[in-house]
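Shown next, in structure tokens, is the structure this report addresses.
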Amino acid sequence: MDPLLVLMETDGTAVLPATLPAIAFAQAWTRMTRGRFHLLLAGGPDIVTQAETWRGYGEERLLIASDPALTHPTADRVAAVTLQALRATGARWLAGTASSFGKDILPRVAGLLDAPMISDVLSMQPDDNGPIFRRPVYAGNLIATVQIPPEAGVVSVRATAFGQPARATPGQVESLPVEPASLPQGTRWIGQDTAQNKRPDLTTARVVISGGRPLRDPETFEQILGALADKLGGALGATRAAVDSGIAPNELQIGQTGKVIAPELYIAAGVSGSVQHLAGIKDAKVIVAINIDGDAPIFQIADYGLVADLFQAVPELTRKL
Amino acid sequence: MKILVPIKRVPDPYGRVRLTPGGHVDETDIKWVINPFDEIALEEAIRLREAGHDIEILAVAIGTTAWEEQLRTALAMGADRALLIQQEAPADPGRISHYLAAIARQEQPQIILMGKQAIDDDCNQTGQRLAALLQIPQATFASRIELTPDGTCARVTREVDTGRETIEVTLPAVITADLRLNEPRYVALPAIIKARSKPLLRIDAAQLQIPPTAPVTTLRLETPPPRRAGRRVGSVDELITALREEARVI
């Protein structure tokens, strides 16, 4: 099998933990196909300092594309550099994590390659006629098994599907020359509005506490749910309805179009449990629902259901833990 | 300025999708709608026009004649004309992006404004692939779009995993709509009837002469094993005991 290239996720300065699921996929791919994989690290001048920490997963080569023009990793530029890395390594397969970074850039590379892409891969199996993948469709209500021809392809990996990658022999670090003048010039980065988050990352947290519209406003949301999250060392999440009504910031949204999580413990307070929300929590190990409405659909999938007023039950839970 | 809005016909997201015994999506009771994200994209195009920009909106769909229903709704919402690229077989995002690129080359829109993903296959690929084929910038997952006064650029706020990011793209560009870009208007029946006089053109997909693309073949669809309901607990104390002693997660 031709080698696989992994697009590492960066903010232009540092590698982000969202890279790990894609590396875990690459290790699984390599085992199953008796193949090999390379890592691509693209970003501004500071990104070179990340190479030592982030190699050592059994990759053959770690390519570094570093240039001030990549300090803000916009899709058009990173896609162009990724295409260059694919050509330089002879890799015909590309993988990344299905995060907002990967969802933005990977399909663009697939377009540049004119190759098929499989989004949100749950599992993979090699086959003579081309690799076979399983992926969720219809908000996870159905699972599709799909196959693409064996020549080339792009894969985005569901962050919760392949576990953590194992440490292994580090590959050789190589520099990929970047020609800034030849990069696309049509996108300018203006700024970002990143919440200061002292809590664990939502997608990888062991415990997640989430809330819906009954939480009323951002202060109540933080006061009621934040206290429980901190007691359990967990992250906060929210329903689409809570985000839409300004109760929680967009990066906390869980579900079909938000984040997909698989924590050990998921506590949903004042969450009714729409199909779109359940799509994001189905892989949680233990689901607890606290809702005053005993008929809320969330109770149909909860391991433990407590029919109660969340404004009493959640603070009581926080106090007694 | 011309805005191209691609439209996909999908099952109502609030309905339940079931499989036939043969393993296909059971279409008997499905209510078909415009993909909600495409509807948001169309609404945004209309709002940009209402904000005073001189904009022509072209809605385009790639599917069977049944898809005209969604194009008619798009016209009723406010699209100026519609185009159906007629083809029978379902197509994957790779192929769809080629059809859209062919239309974009003919129509030369300044903005292609579309949903970030379709709620049936959940692929989230077509806009990005299209931008690559046309070699133009992309601004995905938009929650706010502003055109610069001279109309040469769009400033787009994007919903990303860490919060929000703002970029400026030189037009022409592909912009994909996220949930919170707007709330689409309700279309009343008289508007749908009135929209019948608006132009809806059909062309055969074969006319676009798209070369073969490597296919994504669906081998099987299945319903994942349901997550079973556990039990009700009567109090916070009982919950804590269960989490500590049964589930052992705290």
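In what follows, every heavy atom counts, from backbone to side chain, and hydrogens, waters and symmetry copies are set aside. Note on naming: letters A, B, ... go to the chains in the order of the sequence lines (proteins, then strands), and numbering restarts at 1 for each one.
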For the candidates [options], which exhibits the highest count of non-hydrogen atom pairs separated by less than 4.5 Å from chain B?
options: A:Q253, A:M117, A:R134, A:E264; value: A:M117
options: A:I301, A:V137, A:N250; value: A:N250
options: A:I132, A:I287, A:V207; value: A:I287
options: A:L16, A:L142, A:D76; value: A:L142
options: A:A79, A:A110, A:A80; value: A:A110
options: A:K285, A:Q300, A:Q192, A:Q256; value: A:Q256

[X], part contacting chain B, at a heavy-atom distance under 4.5 Å:
X: A:Q312; value: neither
X: A:V243; value: both
X: A:E151; value: neither
X: A:L106; value: neither
X: A:D120; value: neither
X: A:D283; value: backbone
X: A:L321; value: both
X: A:K259; value: side chain
X: A:A313; value: both
X: A:A115; value: backbone
X: A:R240; value: both
X: A:P249; value: neither
X: A:A302; value: backbone
X: A:L317; value: both

For chain A, which candidate among [options] shows the most heavy-atom pairs at distances under 4.5 Å?
options: B:G127, B:G94, B:A214; answer: B:A214
options: B:I250, B:V216, B:T223; answer: B:V216
options: B:R95, B:Q135, B:R158; answer: B:R158
options: B:I167, B:T170, B:T166; answer: B:T166
options: B:E168, B:E165, B:E183, B:E246; answer: B:E168

Return the [atom1] to [atom2] distance between [X] and [Y], rounded to the nearest 0.5 Å.
X: B:L133; Y: A:D114; atom1: CG; atom2: CG; answer: 6.0 Å
X: A:L232; Y: B:L243; atom1: CG; atom2: CG; answer: 9.0 Å
X: A:I267; Y: B:L239; atom1: CD1; atom2: CG; answer: 7.0 Å
X: A:T145; Y: B:L221; atom1: OG1; atom2: CG; answer: 8.0 Å
X: B:L179; Y: A:Q276; atom1: CG; atom2: CD; answer: 9.5 Å
X: B:Q138; Y: A:T74; atom1: CD; atom2: OG1; answer: 9.0 Å

Given side-chain contact (heavy atoms from CB on, under 4.5 Å), test A:T257 with B:K116 step by step and report yes or no.
CA-CA 9 Å; A:T257 69; B:K116 72 164 181 176; 3.7 Å; yes
Check the surroundings of atom [atom1] in [X]: do more than 12 heavy atoms from other residues, nucleotides or ligands lie under 6.0 Å from it?
X: B:R180; atom1: CZ; value: yes
X: B:Q108; atom1: CD; value: yes
X: B:R244; atom1: CZ; value: yes
X: A:Q185; atom1: CD; value: yes

Exam field: side chain [X] to backbone [Y], donor-acceptor pair closer than 3.5 Å:
X: A:R108; Y: B:P137; result: no
X: A:R188; Y: B:R155; result: no
X: A:K282; Y: B:P224; result: no
X: A:D303; Y: B:G230; result: no
X: B:R232; Y: A:G294; result: yes

A:Y138 and B:I119: CA distance, side-chain angles, deciding distance, side-chain contact (heavy atoms from CB on, under 4.5 Å) verdict:
CA-CA 6 Å; A:Y138 294 96; B:I119 56 91; 5.8 Å; no
Shortest non-hydrogen contact between [X] and [Y], atoms and distance:
X: B:D122; Y: A:R135; answer: O-NH2, 3.3 Å
X: B:A242; Y: A:Y304; answer: CB-CE2, 3.6 Å
X: A:E251; Y: B:D161; answer: CB-O, 3.3 Å
X: A:D104; Y: B:Q128; answer: O-CG, 3.4 Å
X: B:I240; Y: A:K320; answer: CD1-CB, 3.5 Å

Heavy-atom side-chain proximity of [X] to [Y] below 4.5 angstrom:
X: B:P215; Y: A:P149; answer: yes
X: A:L278; Y: B:R227; answer: no
X: B:E238; Y: A:L306; answer: no

Residue among B:T162, B:V160, B:T140 satisfying side chain to side chain contact (heavy atoms under 4.5 Å, CB included) with A:S100
B:V160
Under 4.5 Å heavy-atom distance to chain A, tell me which part of B:S235 shows up: side chain, backbone, both or neither.
backbone
Which atoms of B:R18 come close to chain A, meaning under 4.5 Å heavy atom to heavy atom: side chain ones, backbone ones, both, or neither?
neither
